[in-house]
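Note sheet for the following structure.
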Protein chains: 4
Amino acid sequence: MSEHFSIEELLRLTDEDVKMSEKQKKVVEAAIEIFADKGFAAASTSEIAKKAGVAEGTIFRHYQTKKDLLFAIVKPTITKFAAPFLVKNFIGEISKQKHEDPEQLMRFILENRYEFVKKNQPVVKILLQEVFFHEEFRGEIRKVIETHAMEKLKELIVFFQEKGEMVEMPPETVLRMIVTSIMGFLFARFILLPDLDWDDEEEKEYTIQFLLHGLMKK
Amino acid sequence: MSEHFSIEELLRLTDEDVKMSEKQKKVVEAAIEIFADKGFAAASTSEIAKKAGVAEGTIFRHYQTKKDLLFAIVKPTITKFAAPFLVKNFIGEISKQKHEDPEQLMRFILENRYEFVKKNQPVVKILLQEVFFHEEFRGEIRKVIETHAMEKLKELIVFFQEKGEMVEMPPETVLRMIVTSIMGFLFARFILLPDLDWDDEEEKEYTIQFLLHGLMKK
Amino acid sequence: MSEHFSIEELLRLTDEDVKMSEKQKKVVEAAIEIFADKGFAAASTSEIAKKAGVAEGTIFRHYQTKKDLLFAIVKPTITKFAAPFLVKNFIGEISKQKHEDPEQLMRFILENRYEFVKKNQPVVKILLQEVFFHEEFRGEIRKVIETHAMEKLKELIVFFQEKGEMVEMPPETVLRMIVTSIMGFLFARFILLPDLDWDDEEEKEYTIQFLLHGLMKK
Amino acid sequence: MSEHFSIEELLRLTDEDVKMSEKQKKVVEAAIEIFADKGFAAASTSEIAKKAGVAEGTIFRHYQTKKDLLFAIVKPTITKFAAPFLVKNFIGEISKQKHEDPEQLMRFILENRYEFVKKNQPVVKILLQEVFFHEEFRGEIRKVIETHAMEKLKELIVFFQEKGEMVEMPPETVLRMIVTSIMGFLFARFILLPDLDWDDEEEKEYTIQFLLHGLMKK
DNA sequence: CATGAATGAGGTTTCATTCAT
DNA sequence: GATGAATGAAACCTCATTCAT
């Protein structure tokens with residue numbers, strides 16, 4: 001992938017929605033709702049068709065199989081979820097401006113992914129549910145996340161550790177703590193207990209505090 | 001219930017559902033394997049029967065529906081997962097002996113649940129996969145965990161906070177950090193990346209360190 | 001069959017209940033109830049076993065197949081239903097004593113069969129339901145009724161007609177009117193509308209009146 | 001509903017459910033044949049499909065359950081069976097033209113229902129067989145027959161009785177005699193002994209004679 | 001492009017019957 | 001004699017997918 005895509009361009013790129021007919025959009029919307037609700041395997045194409053207000057056959061005009069429909073929905077989200085880390089320039093930019101301050105980095109990541117999950121709740125839910133069952137997803141995630149993003153982040157962690165600001169743990173472990181804490185918050189907030197009465201700003205702040213205390217030296 | 005059950009006794013107790021015939025055991029084993037592998041909805045009873053080496057009808061002699069089979073497998077695990085927190089005396093004991101030392105408590109919980117998940121990997125995986133789709137599971141978890149265990153733990157947290165040893169956050173939030181960090185580790189270790197080359201003792205130690213740094217005052 | 005059986009002997013004969021073990025009796029009782037309720041084909045042996053309080057296998061120790069159980073229940077009733085007409089002596093007796101008076105004959109038949117159906121409601125219901133589906137029943141009925149009873153009754157009808165007391169119709173047709181009227185009453189009374197508030201004596205009287213008016217000359 | 005429907009129009013009307021595809025018609029035909037032959041519970045959808053020359057799934061595209069198929073076949077017949085009594089004007093008409101003559105009325109009913117049963121033998125057989133097992137049928141019959149038709153007929157009977165032409169019995173009882181005699185004839189003729197060598201015109205005439213003698217004064 | 005009837009493989013479940021205990 | 005676990009065929013029904021219109 002070229003290194004010169006802007007984020008905007010990247011997102012536009014993965015938003016293939018643009019080329020969709022009205023009916024196709026309806027199909028995707030209905031499928032998202034039903035997949036999120038009862039899971040891929042328990043969802044039936046006829047139910048999707050009914051909810052979308054199209055004929056059963058119409059789905060298969062756009063997606064050769066039910067699985068293709070799932071992939072068309074979830075795969076762009078995998079990419080978009082990793083997007084901020086993907087474009088090397090972007091991380092480069094970040095690290096230049098903000099690496100002085102690991103706190104800033106963590107705040108940025110949390111805030112950023114919070115917004116993303118908030119906006120894409122159902123698809124993220126589908127991804128979480130189905131990642132167990134589809135090697136393709138795990139492969140995609142591995143490819144996208146590990147290869148591109150992790151390296152950069154690990155470099156940053158090592159960089160902070162060498163500056164003496166961050167605790168001495170294997171960078172993979174540090175990464176695990178960060179991801180675990182952030183995803184744990186988002187998971188509790190949006191997936192597990194979305195009906196609780198959350199004070200989002202406060203919880204975000206606590207999560208950052210916890211990470212900083214847990215990972216920063218002194 | 002008598003107050004003098006040890007954990008060992010309790011676990012043996014809940015295991016004593018085991019008035020199972022040979023064939024029934026085979027069915028349960030096969031079902032666990034297949035449910036864990038492809039998920040409840042995508043698993044077929046005929047496949048389970050074949051793997052168990054029994055006739056398909058045999059499954060339904062013991063479990064009225066496929067769902068009943070799932071529940072029979074998963075529900076005891078929910079209880080057992082919460083068992084260490086359930087017996088009031090046990091927590092009482094802990095808090096008496098160890099409340100001087102929150103570190104001891106966290107070590108205990110982590111070690112304890114680590115062993116549990118290690119021993120029950122497939123069923124825990126099934127639970128994680130299916131908790132999205134079966135309100136019964138969420139209800140059971142809510143009943144078992146929140147009602148009994150959480151109260152006790154929250155009290156402990158408040159107790160530590162009042163002693164000035166623990167950071168000032170809502171106890172629910174502290175709990176979320178603890179659970180998130182421990183479960184995040186276990187999830188990465190056993191479910192998401194079980195094939196990585198983990199140094200378990202080291203990772204457990206880091207996780208504890210992270211929690212202590214993140215949550216303890218000074 | 002010998003001509004010297006008394007009715008009592010005949011009934012005792014067909015009441016094989018005598019040789020039944022306690023469990024077998026329970027099975028038959030349960031089967032009657034369930035067959036009458038949901039029909040033979042929709043009744044399951046396991047349901048019968050449960051209601052009878054015996055093991056599933058026990059049924060098949062006494063009756064080789066489910067169909068055998070049905071036959072064991074219904075066939076004696078076919079015989080018993082026709083019993084009053086079967087024993088030649090009996091009809092001979094009747095005709096000697098009562099042929100002066102066809103009214104007496106009709107009253108006797110109606111009263112007699114009324115008591116029988118009343119006492120054997122569920123089995124009669126089963127017979128009516130299943131006669132459509134089992135040639136064996138139709139064969140049995142044909143054998144028992146037509147061969148033995150009908151001839152005698154037709155003779156009687158011809159006898160009355162020759163005496164100028166009864167309308168001139170084919171005796172089969174007269175028989176149809178009698179059977180139809182009596183069975184129609186019993187069917188409405190016990191099977192179709194058993195919950196209505198019947199004045200049985202009155203309705204029996206009307207039925208006799210109707211038959212007499214309809215079939216007697218003058 | 002307009003008051004000007006003739007019976008012919010009405011029957012055509014209820015037949016106009018017939019927006020059936022070729023295959024659907026085949027399914028219904030096959031189902032009628034098999035239901036009539038072995039009863040609803042003992043008929044299998046796979047047998048119906050085979051006889052209809054369609055895939056088994058095709059049945060369930062048109063009828064959600066096997067029971068729905070049964071109802072789709074039988075319910076219109078219940079309505080049609082009662083149709084001649086349903087249209088108020090029709091009975092009104094009859095009573096105006098023919099109430100001078102109860103004989104005319106009975107002849108009309110017998111003739112009319114004779115033709116109907118003759119044309120709809122298998123479905124009527126199914127109805128008779130299944131009415132025992134499906135409360136829905138009994139409910140439908142009650143609704144259709146009792147509510148609409150019976151009242152009118154009872155009024156007529158009372159009318160005849162007041163004119164001194166008909167015997168003094170409760171009108172329900174008179175009705176029972178009429179229905180019993182007519183249905184008894186039709187049942188014997190078409191269901192129970194259809195293979196006998198019937199002289200239909202003669203038997204109809206005898207039935208009428210029997211009813212007239214039995215119910216008319218002098 | 002869209003439809004929806006049709007398919008047929010496969011799903012879960014029921015059930016009469018057998019047989020070792 | 002009685003039990004009830006086990007069977008496996010067959011029941012009803014669902015569903016992704018195809019294709020003529």
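First the proteins, then the strands, lettered A, B, ... as listed; each starts at 1. What's counted below: heavy atoms across the whole structure, side chains too, no hydrogens, waters or symmetry copies.
A salt bridge (charged side-chain N to carboxylate O under 4.0 Å, His left out) check over residues 128-137 of chain A, counting only residues at least two apart or in different chains, returns the pairs A/K67-A/E136, A/E135-A/R138, A/E135-A/R142. Within the structure, ring pair (Phe, Tyr, Trp, His ring centres under 6.0 Å) pairs that include any residue of residues 45-67 of chain B do not occur (at least two apart or interchain).
When side chains are defined from C-beta on, B/L69 counts as touching B/F35, because their heavy atoms get closer than 4.5 Å. By the 4.5 Å heavy-atom criterion applied to side chains, A/L70 and A/I126 are counted as neighbours.
Nucleotide E/dA2 holds its P atom 21 Å from the NZ atom of A/K50, rounded to whole Å. Between A/I48 atom CD1 and F/dA16 atom C1' the separation is 11 Å, expressed in whole Å. Rounding to whole angstrom units, CG of residue B/D68 and P of E/dT14 are separated by 10 Å. With rounding to whole Å, C/Y63 atom OH is found 12 Å from F/dG1 atom P. The CD-C1' distance, from A/E47 to F/dT17, rounds to 18 Å in whole Å. Rounded to an integer number of Å, the gap from NZ of A/K66 to C1' of F/dT18 is 17 Å. For B/I34 and E/dT12, the CD1 to P distance is 11 Å, given to the nearest whole Å. Rounded to an integer number of Å, the gap from CZ of D/F60 to C1' of F/dC15 is 13 Å.
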Original post:
Between C/S46 and C/E56, is a side-chain hydrogen bond (donor to acceptor under 3.5 Å, both in side chains) present by the stated rule, with each step listed?
Top reply: CA-CA 6 Å; C/S46 85; C/E56 293 186 51; 5.0 Å; no
Original post:
When Watson-Crick pairs (N1 to N3 and N6-O4 or O6-N4) and G-U wobble pairs (N1-O2 and O6-N3) count only below 3.5 Å on both distances, what is the dot-bracket string of DNA chain F, with | for other-strand pairs?
Top reply: .||||||||||||||||||||
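Annotation: proximity of residues 38-46 of chain D to DNA chain F (heavy atom, distance under 4.0 Å) is found for D/A43, D/S44, D/T45, D/S46, numbered in ascending order.
Qualifying side chain to side chain donor-acceptor pair (under 3.5 Å) partners for C/K38, counting only residues two or more places apart in sequence or in other chains: C/E47.
Checked against a 6.0 Å centroid threshold, the rings of B/F71 and B/F137 count as neighbours.
Along DNA chain E, the nucleotide nearest C/T65 and the nucleotide nearest B/T65 are compared for position; the residue whose nucleotide lies closer to the 5' end is B/T65.
Closest approach of D/E33 and D/K51 over heavy atoms only: OE2-NZ, 3.3 Å. B/I34 and B/A43 get closest at one heavy-atom pair: CG2-CB, 3.6 Å.
The pair B/E140-B/K143 meets the salt-bridge criterion, with a side-chain N (NZ, NE, NH1 or NH2) lying under 4.0 Å from an Asp/Glu carboxylate O.
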Kindly give the atom pairs (protein nitrogen or oxygen, nucleotide nitrogen or oxygen) under 3.5 Å for nucleotides 4-8 of chain F.
| residue | atom | partner | partner atom | Å |
| --- | --- | --- | --- | --- |
| F/dG4 | N7 | C/G57 | N | 3.2 |
| F/dA5 | N7 | B/R61 | NH1 | 3.3 |
| F/dA6 | OP1 | B/S21 | OG | 3.3 |
| F/dA6 | OP2 | B/S21 | OG | 3.4 |
| F/dA6 | OP2 | B/H62 | NE2 | 2.7 |
| F/dA6 | N7 | B/R61 | NE | 2.8 |
| F/dA6 | N6 | B/R61 | NH2 | 3.3 |
| F/dT7 | OP1 | B/K23 | NZ | 2.9 |
| F/dT7 | OP2 | B/A55 | N | 3.1 |
| F/dT7 | OP2 | B/T58 | OG1 | 2.5 |

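The cationic group of D/K125 does not satisfy the cation-pi geometry with C/F132, failing either the under 6.0 Å distance to the six-membered ring centre or the 45° limit from the ring axis.
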